[in-house]
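Report on one structure; see the data block that follows.
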Amino acid sequence: MRGLGGATQKEQTRDELLEVVRAERAARSGAKQRARAAGVVQRIWRGHRARRQLREALVSEWVASYGPMVGSPAARLSGREVADKLLPPLLFLLKPTVAAAAAAVAAHSLPAVQQSPTTPGRAATGLSPGMPAREGFAVSSSTAGMAVLLPPLGSPLSNMIRGSLALLLRTCSATDPQDSYLALGLTGEEPRRAAWRDQACRLLSTCCRLVGAPRMRDATPTHHHQQQQQGQQSRSVAAATAMTAAVAAVGGDPVIDAAAIRVAALLTDAASWKCLPATGSSSSSSSGALEVAAAEHAAAYLRSRLAQQPHSLFAALARLLAARQQQQGSMATEAAVAAPAVAGQQQQQQQLSRLLGLVLAVLRSALDLDPDLNSGPAGTAAAAAVPGALWVDGGGGAPPPPLPLSGCPACLSAFCRLVLVAPGLVGLVPQDMQVRFRSSGAFARLCRSVRQQLADRTVGDATAAAWCLTNLLQLLLGPQMHSLVPGGPGGKGAGAGGDAAKGPGVLSAPPDSLWGPGGEVAAELVDTAAALMEHMARGRLYGSPELAAAVSGLWPLAQRGLLVPLLTALESRSGGVESYSDMCCVAIELLPRLSAAFSDSGIRADVPGLLNALAFSPGILSRMWRWLCFALRLPRECPAAASRGLDVAALAGGYAGLQPRSARALGLFCRVYAQLLLVLDDGEFYELQQPLELAAARAVGTSLNSLVFHTYLPKPDANGSRAVPAPGPGDADFALLVEWAPRLLRALYERDVRRPYCQSLLWLAPYREMFGSEDEQPGQPPPHHQRQDDEDPFASAASAPDPADARIGPFTAGTVLQALVYGGGGGGGGGSAGGTGGADEGDEGDISAPGGSPALQTRAGEGCRPKSLASLLRMSPQAVPFSRRVDLLRALLAEDKRRGRWEVPGHAGGLQPIKVTIRRSSLIEDAYAGLASKGAGLKARLQVVFVNEAGMTEAGLDFGGLQKELLERVVSAGLDANYGLFTSTPDGLVYPNPAAERLDGGLALLEFMGLMFGKALYEGILLPVPFAHFFVARLQGRQPLFDDLSSLDPELHKNLLMVKRYEGDVSDMCLSFSADTDFLGCPVHHELLPGRGDMPVTNESRLLYCHLLADWHLNGKLGPPTAAFARGLFSLIPQASLRLFNPREFNQLLSGATADGPGGGGAAPLDVADMRRWTRYSGGYSADSATVKLFWRVVAELTPEQQSALLRFATSCSRPPLGGFRYLQPPLTVHKVECDAGLFAVIGGRDVERLPSASTCYNMLKLPNYRRASTLKTKLLYSITSGAGFELS
């Protein structure tokens, strides 16, 4: 700051000064830019005004010179006058400008590009001899595709275009060469012919642009138009106007369209040139042949030039296709279509056919020009049509220079973008062109062009992709496609004029030559089909009539005539089977989604059933398995007696060890094989050995068993590296394999359970390879001691082995249970294939955890942890030994008892026992009244009091023995036929009676019986009741299959097999889709197909009939009774725990080791050594006592039935505990009853007279001290067969 006369002034800073300078500079720059912009605007305006004045002058000159000639049909111009005077101004006026291109972009969404600089004067001049031969195509290819704007209808320029085309058509139709414009390309010097070709090329491109051009909107209708609108009163005229408006909405002038297409067709088709000498004329044959050859060359030259820049041609086709689509939509909305509208549609269809013919001719030229498609002897004929290849000089001079061979990709791309996606348009392609497309090179290029369109995202929605695939199939397989639609082209291929979208048909086997050398065509087809279907599946699908029509045309994909030859052609090609699998996997995913979309929209569509076609096509599964064995190094066969190599080393890494495309192929195999097993009966699988021999089926089983096992428990790598995580659920390449490999493995295993074809070692081989044979469980038999009389009989229960301590592999059952049920114990439960990572630190039961229980020797990798084993048990429980799964179930039930405090005495804070009094004369009634309402509360201890036949309360305390007797007695009474609750198969296996739901209170009693069986399983009490396998399957949540009917009704199963394999006409049997049964003499009718029960069974529907009838007997009739029984059972036992076992193993859980036969399989010999090992002694007995030794000798001599009776006498259960007597609680005790005997009892004197007795609540046998074995046996047999209660105690 500085003072000046008492005033102060702020000094500008440096930044402020710079800001002022920048503002002044910006102002000067802005002024310059505004001046420059004003100059540009003025130049553009002056240029626009000059062009407008020139256009008006040219139009006025044309009107004065040629306007009168248009109305006179006899007026005709010479060819030279047309070339020099008529066409130059027309071509100049119709030359595309930047403004026209912008309007075309707005109308047709064409790419807006800059125009190459050309001189209007040069374009307007006549055919000068010195003009370059290619000046007409001096602009870029993009500029050639730019459209023009048609002037308003009735304007002077519009009339000039119409009149010029009319005069041109008259001249082209002249027969005198002097008057024909076309003859100019055949006569004269070569420079003049070259100039004509150049002008003809520009004329051809202009005609295409005219057809594809939008029309300017005229806001002021003419007086003529107003009169037309006032006169439209009738409905027919209104309909015709609506059709015309639909065409006008997408641009175009019908008159100009027809004339321009006609001119373009004449220029490119030498056969229609009337100036050529007619066949048999008086002209010299040699000169006539030269003229014809020259004409053919000129037309081919024009086609090839258009093929280099086909954008305008295909833009014209796009405009006509859009008009056709709108016209069809307008007709679809009209209830009745007037005759003028129909005529207009026919005229438009005729124009479309002509233009499509031109497109195909140009495309043929493009294919002929492609060197890749015409190399070798096969391309000689095609190369003859290339301009310059076989030049015939009609008037001297050198042939034209060769053209650049770059038109094929552009033509194919446009053809794919417009023609292949159009509904039914491929049916208009002539047969000779279809044959050209079916050549290996052309079809391969076409498929690659389609995939490029998909990569560029120029293919539309799912409908366009579906039509593209439908048309591709029709192009390739037209001669082999035979329609079955009534009224369709019977016996003719779709390529012969049929419509591929008319519906399903029959596909005959194509010739092997169709697939090209090395299966090239097959590989391109499957790759393109997969890409198109992936495009369809990418978004949400909506059912529409258009999409339904397109999808119906995909029926060849579900034909054996295509699937089998395709696989045959691709087997020997590198990557061929993987590509085949990719296509099938995408289709299997897409087609059900399409069916659901059509069902939601209420639209009927014939969606092809590809999955069933693959499953039932002979040879596909066997070929795929052969390829998988080679690609993945799997065993092709597995002998029935094999004991080594059952753990496939190539699959030691599980899913993570597979390549993605190989995993997809294996997943497809699993999906298709599982689908076939649903309907494959045992006769086909075992006797006919379809689709694979039994040795191959065993190889599939052992491979999948290793794959699934090692997915969750991978082996370590040879270099000790960390296990690779398995693919997650979102990995598309592995999705099919992750879902269907365990399912197929389970299906093969269940078939083996029903009718064995494998040794049991096959399913356990990976477990034994990794963890060794079934290890000895912890817990040794207690030392034999003499228990005191006042000792608590349940004191030993505290020292009994805890089920949670049992070993399952390297872990305890409790640790695995925690991961399986509660998500703990090693990182949580993992049901997906992703649970194969490294072990978490601090995992309970980890094989490396310090201070934990010693782990077993194992070959498991780092990914082995409790949650991995839990996931394996969920997906493939049969891979773990049965005894280990039983240990897991015991641990589960023990944990449930602990959490619910069900076994804690009331005085210790537990629940009070359920007290129930049972009269032996009314077992079911009293038990139902006292226990049926308890539900899950029945897990508590029962305190049972029996009342005998005399009405007296039986002596005894219930410490578990009376509960066991109650369950046995109630179940035995419930199986009585008088109640009608259960019935049995011819093999003696029990299942609920289907008629029980019609009995008063039948379902409630069945639910109660489910409670009783659940209580027995919960307490580990064995019941001598084996269940039918189909009934167990229903309890496990699975659906019994066709062959399960053989155990329910062998005669019905036999009859259905006869129907299935009947070689004649099944309709002769007069079967229908209905079933009849009877209830208490009253017939009951059931329709297998609701509403179509009277539909007769034919050869085509007999497989459906057989499976529907079997399903009704196995699932329909048994549905309500099984559901009632399951409600009671699942109140105590979780359903998921039953899925750990197959039906045979479930019966062992329920009834003992030999429980899967009639009557429970009969009584099996006791394991006396195991029983002796775990028996305790009291009252003075020891293992070395003489009477004890006599007792075990007598027990070993008893029959199995007598041994069971002895066990029942001592424990109230006739079967040993599952897993051995180590699980009997309280332990079996032999108590000494001191009795006097004679001095010579040992040698035949008087022995002890007292009978043995028992305390079943203690599992105690009270055995007098007999001296002789004979006496002991006699007294023991008397006691165990007397049937007395506690009277002998």
Side-chain angles (χ1 to χ4, degrees), residues 58 62 65-66 77-96 116 118-139 143-144 146 148 160-161 163-174 177-211 259-270 273 275 294-295 297-309 312-313 358 362 387 394-395 397 400-401 403:
L58 292 176
W62 182 91
S65 302
Y66 305 108
L77 295 175
S78 67
R80 179 56 57 187
E81 189 175 2
V82 168
D84 293 341
K85 296 182 179 180
L86 179 67
L87 289 181
L90 179 67
L91 295 178
F92 170 73
L93 292 176
L94 295 181
K95 189 173 184 179
S116 299
T118 54
T119 304
R122 291 289 300 272
T125 56
L127 287 174
S128 172
M131 183 180 294
R134 301 188 180 212
E135 184 178 348
F137 279 82
V139 295
T143 306
M146 292 169 57
V148 297
M160 175 184 175
I161 296 173
S164 298
L165 291 177
L167 294 175
L168 179 61
L169 283 174
R170 294 178 192 174
T171 304
C172 292
S173 302
Q178 298 297 326
D179 296 335
S180 177
Y181 173 73
L182 301 175
L184 297 179
L186 308 178
T187 60
E189 299 293 333
E190 172 56 27
R192 285 189 172 275
R193 294 202 305 269
W196 177 87
R197 288 195 299 270
D198 177 72
Q199 187 186 57
C201 288
R202 288 186 285 120
L203 176 60
L204 185 59
S205 180
T206 301
C207 289
C208 295
R209 285 197 294 267
L210 285 174
V211 178
I261 292 174
R262 179 61 180 159
V263 169
L266 282 173
L267 289 174
T268 55
D269 184 12
W273 291 11
C275 62
H297 167 76
Y301 181 85
L302 295 178
R303 292 195 302 267
S304 62
R305 290 291 295 272
L306 189 57
Q308 307 304 313
Q309 298 170 342
S312 58
L313 174 62
L358 175 60
V362 172
L403 294 173

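Starting from 1, each residue takes its place in the sequence as its number.
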Expected output: side-chain Ser164 to main-chain Met160 donor-acceptor under 3.5 Å: yes
Interatomic spacing from CH2 in Trp62 to CD1 in Ile161 - rounded to 0.5 Å: 10.0 Å
Minimal non-hydrogen separation, Ala83 against Tyr181, with atom names: CB-CE1, 3.7 Å
When rounded to the nearest 0.5 Å, the distance separating CG of Leu167 from CG of Leu87 is 10.0 Å
Side-chain heavy-atom pair Gln199, Leu91 within 4.5 angstrom cut-off: yes
Should Thr206 and Leu90 be marked as a side-chain contact (heavy atoms from CB on, under 4.5 Å) after you check the CA-CA gap, both sets of side-chain angles, and the distance that decides it? CA-CA 9 Å; Thr206 301; Leu90 179 67; 5.9 Å; no
Can you tell me how far apart CZ (Arg170) and CG (Leu165) are? Round to the nearest 0.5 Å. 12.0 Å
When rounded to the nearest 0.5 angstrom, what distance separates CG in Leu302 from NE2 in His297? 9.0 Å
Out of curiosity, Leu184 CG to Arg80 CZ, how far, rounded to the nearest 0.5 Å? 5.0 Å
Which atom of Leu168 lies closest to which atom of Leu86, heavy atoms considered: N-CD2, 4.5 Å
Where do Arg193 and Leu186 come nearest, in terms of heavy atoms and distance? CD-C, 3.9 Å
Shortest non-hydrogen contact from Ser180 toward Cys172: OG-O, 4.2 Å
After noting the C-alpha distance and the side-chain angles of Thr171 and Asp179, does the key distance pass the side-chain contact (heavy atoms from CB on, under 4.5 Å) rule? CA-CA 6 Å; Thr171 304; Asp179 296 335; 5.7 Å; no
Measure the CG-CG distance between Leu210 and Leu94 for me, rounded to the nearest 0.5 Å. 5.0 Å
With no hydrogens and no angle check, is any side-chain donor or acceptor of Arg303 less than 3.5 Å from a backbone partner on Thr268? yes
Heavy-atom closest pair, residues Pro177 and Ala183: O-CB, 3.3 Å
Please check if the side chain of Ser312 supplies one atom and the backbone of Cys208 the other of a donor-acceptor pair under 3.5 Å. no
Heavy atoms, side chains only, cut-off 4.5 Å: are Leu169 and Leu266 in contact? yes
Quick check: does any side chain N or O of Ser304 sit under 3.5 Å from a backbone N or O of Tyr301, one acting as donor and the other as acceptor? yes
Over all heavy atoms of both residues, which pair between Pro88 and Val82 is shortest? Give the atoms and the distance, please. CD-O, 4.2 Å
